[in-house]
A.B. asks: 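To start, I am sharing the structure in question, which I have written as structure tokens.
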Amino acid sequence: MGRRDVARHRGRSALIVLMVAIPVLIIVAGNILYSTEDLTPSEALPFSLGQTQARVTVEGGKVDPAGPFFGITNPLVTSDKAKPIPGWGEDLKSQTQALSTLMGGTAYPSVPYQAQALVGRAVRDVGILGIDAASHRSSAGITDLISGRWPMREDEAVVTPAGIALGLPNAGTIKLTIWSPTSESNERTVTVVGVATAYINDFRVRAAELVMLPQGDSGMAVMPMGFLIERSTPVTYEETQRLAEHGVAVTSRALVLDPPRDVKLGPEFSQIGIQDNFDAGQTMASVFAAMGLLLETVLLAGPAFAVGAARQRRTLALAASNGATQAQLLRTVLGQALVLGALSAIVGGVLGIAGAGIAVAITRQKSPGTLFGPFDIPTGPVLLVVGCAVLAALVAAWVPSRGLGRLDIIGVLRGQTVSPRARVRTPVFGLICFGVGAAAVFWSTTVKSFEDTMGALAPYAALLGAVLLVIGALLMVPMVLAGLARASTAAPVALRMAFRDASRQRGRATSTVAAILGVT
């Protein structure tokens with residue numbers, strides 16, 4: 001019956017589908033874009049390790065060996081003094097040799113630099129990847145040549161699509177000012193000898209604008225010196241523990257892909273966001289968005305369902321006069337909502353997935369500097385949003401159908417559609433909801449820290465308080481309408497008639513108020 005009624009009244013059905021599907025589309029697309037842009041540690045491996053076994057950074061103090069393979073790009077350095085690395089010197093060559101000996105393989109630097117490039121009369125901030133890609137093809141994935149050749153001298157560079165999009169030339173020369181945290185800025189002119197893709201791994205994986213050879217002065221790096229390790233055997237956790245004593249943080253391919261199950265982060269890492277926290281944060285955001293979707297849909301789609309329920313009153317009254325129970329009448333109304341809710345959720349979800357795919361494709365083409373990983377559809381958050389969309393449609397239809405148990409069959413058959421007498425308990429319950437909601441919202445703003453139990457409950461209190469505020473306000477609307485109708489005796493005729501009509505049709509008027517409230 002619901003399917004037939006939806007097909008019979010296509011205009012109203014299309015309106016409700018749009019009201020529900022558009023928020024679903026936006027939330028689903030946002031979840032997909034966030035998941036696609038947020039690289040997991042395993043997804044970041046090609047951009048941070050290339051074809052090598054590990055990436056190491058010398059931090060200067062002892063580090064937690066579990067940090068890097070849990071997704072922490074820059075480990076927290078403890079106050080304990082690290083053991084010296086045998087053969088470690090001040091120049092880049094001796095450091096590379098010392099790490100090669102310590103790791104039992106071939107180490108070569110992969111260093112991020114920050115610089116300013118003169119493009120016409122404009123100055124652009126650019127990221128530079130310092131790596132000898134010509135000598136070490138295990139860097140494939142971190143940087144890949146598109147055309148031309150790799151730089152062979154310190155005054156040569158390769159530009160990336162991100163750099164070209166920023167305005168850098170793909171041929172000729174570029175004037176650079178390389179920023180140094182330990183010395184004077186280094187001004188130089190470099191010759192562009194090719195085009196390649198390249199990625200920098202510092203606080204996060206991001207696109208580089210230029211690729212150059214590592215600079216001789218290690219103090220020019222904006223981050224601790226990073227080195228890639230070529231060898232035939234994987235780097236084990238026992239080895240990372242030994243290296244942590246020397247202040248060497250290791251991101252091991254083997255440990256990222258298969259982390260030890262009995263290893264946990266130290267207490268100093270308790271406040272550092274790792275991938276599990278990112279996933280939990282996305283799920284939490286999806287919960288809040290789904291609740292907002294539920295509330296928004298009830299407010300906006302409620303009037304459409306109210307109009308549909310008013311149109312069906314005569315049919316429902318005839319069914320009731322022939323012995324239909326309140327539950328049967330309610331199922332008749334909710335059947336349409338179930339069909340429309342499922343249709344809206346499917347349409348919104350499919351369009352959200354397609355829209356996110358199109359947005360990713362366009363962004364990759366138009367903005368090479370924006371890094372996206374593999375197209376990722378987060379199943380849990382998407383199903384949560386779709387389920388809440390169906391639930392929202394059911395609730396939006398249930399709200400205007402609550403009075404079916406008090407349906408005046410004779411009055412409806414005569415064409416007299418007047419709301420039943422208002423109950424005193426409705427505004428009282430509304431006042432209670434409003435007061436509790438206001439208290440919850442204001443309490444949540446007084447929380448100073450989110451680390452304890454009460455602080456963790458603050459976001460939920462704010463969300464629940466906002467919902468109770470809206471529900472309480474809407475439950476008081478019929479009382480306000482009745483009061484306005486009684487107080488409008490001295491009003492002009494048109495306003496007096498409007499007040500009286502709104503008071504007699506409190507269900508429709510409340511739905512209209514809800515829709516305006518939802519938009520606002």
Side-chain angles (χ1 to χ4, degrees), residues 16-49 69-73 141 161-162 197 199 201 204-207 253 256-259 273-297 301 338-395 459 463:
I16 295 175
V17 168
L18 283 176
M19 288 178 177
V20 181
I22 290 177
V24 172
L25 184 157
I26 294 172
I27 299 174
V28 168
N31 267 291
I32 294 174
L33 290 175
Y34 176 83
S35 295
T36 304
E37 186 181 23
D38 179 45
L39 300 179
T40 64
S42 59
E43 290 175 343
L45 285 180
F47 306 105
S48 58
L49 298 186
F69 64 77
F70 272 128
I72 300 174
T73 306
T197 59
Y199 302 95
N201 184 37
R204 58 184 175 86
V205 177
R206 58 188 175 92
R253 179 184 299 276
V256 170
L257 295 177
D258 186 21
I274 59 178
Q275 188 61 40
D276 288 342
N277 288 339
F278 286 138
D279 294 340
Q282 183 181 8
T283 301
M284 181 63 62
S286 299
V287 171
F288 278 81
M291 292 298 293
L293 169 66
L294 178 63
L295 185 61
E296 179 267 347
T297 302
L338 182 60
V339 173
L340 287 172
L343 178 62
S344 304
I346 293 173
V347 170
V350 170
L351 291 179
I353 294 173
I358 294 172
V360 170
I362 293 176
T363 303
R364 281 174 172 161
Q365 182 180 6
K366 300 293 184 180
S367 179
T370 303
L371 177 62
F372 281 110
F375 192 73
D376 187 10
I377 301 177
T379 307
V382 169
L383 290 179
L384 176 67
V385 172
V386 170
C388 275
V390 178
L391 178 62
L394 289 173
V395 174
L463 176 64

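Only this structure's heavy atoms are used, side chains among them; waters, hydrogens and symmetry mates stay out.
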A.B. asks: May I ask you to test the Glu37-Val360 pair for a side-chain heavy-atom distance under 4.5 Å?
C.D. replies: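 Side-chain contact under 4.5 Å: no.
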A.B. asks: Which heavy atom of Asp376 sits nearest to which heavy atom of Ser35, and what is that distance?
C.D. replies: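 Scanning both residues completely, I find the closest heavy atoms to be OD2-CB, 3.6 Å.
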A.B. asks: Do you know which two heavy atoms are closest between Ala389 and Val24, and how far apart they sit?
C.D. replies: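 Nearest heavy atoms, Ala389 then Val24: CB-CG2, 3.4 Å.
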A.B. asks: Once side-chain contact (heavy atoms from CB on, under 4.5 Å) is applied, do any residues pair with Ala29, and if so which ones, sequence neighbours excluded?
C.D. replies: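 Partners of Ala29 under the side-chain contact (heavy atoms from CB on, under 4.5 Å) test: Ala356.
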A.B. asks: What heavy-atom pair brings Ser42 and Leu257 nearest, and what distance separates the two atoms?
C.D. replies: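 Scanning both residues, the minimum pair turns out to be CB-CD2, 4.1 Å.
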A.B. asks: Output every pair passing side-chain hydrogen bond (donor to acceptor under 3.5 Å, both in side chains) with a member in residues 344-366, not counting sequence neighbours, ordered by first then second residue.
C.D. replies: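 Listed by first then second residue: nothing to list.
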A.B. asks: Mind checking ring pair (Phe, Tyr, Trp, His ring centres under 6.0 Å) for Phe372 and listing every partner two or more places apart, or none if nothing turns up?
C.D. replies: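 So Phe372 forms no ring pair (Phe, Tyr, Trp, His ring centres under 6.0 Å) with any residue.
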A.B. asks: How long is the span from the CG atom in Asn201 to the CG atom in Leu45, to the nearest 0.5 Å?
C.D. replies: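 Rounded to the nearest 0.5 Å, the CG-CG separation comes out at 10.0 Å.
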A.B. asks: Do Arg253 and Leu49 touch side chain to side chain, with heavy atoms closer than 4.5 Å?
C.D. replies: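 Heavy-atom side-chain distance check passes, below 4.5 Å.
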A.B. asks: Under the side-chain contact (heavy atoms from CB on, under 4.5 Å) test, which residues partner Leu351, sequence neighbours left out?
C.D. replies: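 Per chain and number, Leu351 pairs via side-chain contact (heavy atoms from CB on, under 4.5 Å) with Leu25, Val347.
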A.B. asks: Mind checking what makes side-chain contact (heavy atoms from CB on, under 4.5 Å) contact with Ile353, not counting sequence neighbours?
C.D. replies: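 Testing Ile353 for side-chain contact (heavy atoms from CB on, under 4.5 Å), a comparison that skips the adjacent residues, returns Val28, Ile32, Phe375, Ile377.
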A.B. asks: Just verifying a value: how many Å separate Thr379 OG1 and Leu384 CG, rounded to the nearest 0.5 Å?
C.D. replies: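 One finds 12.5 Å between OG1 of Thr379 and CG of Leu384.
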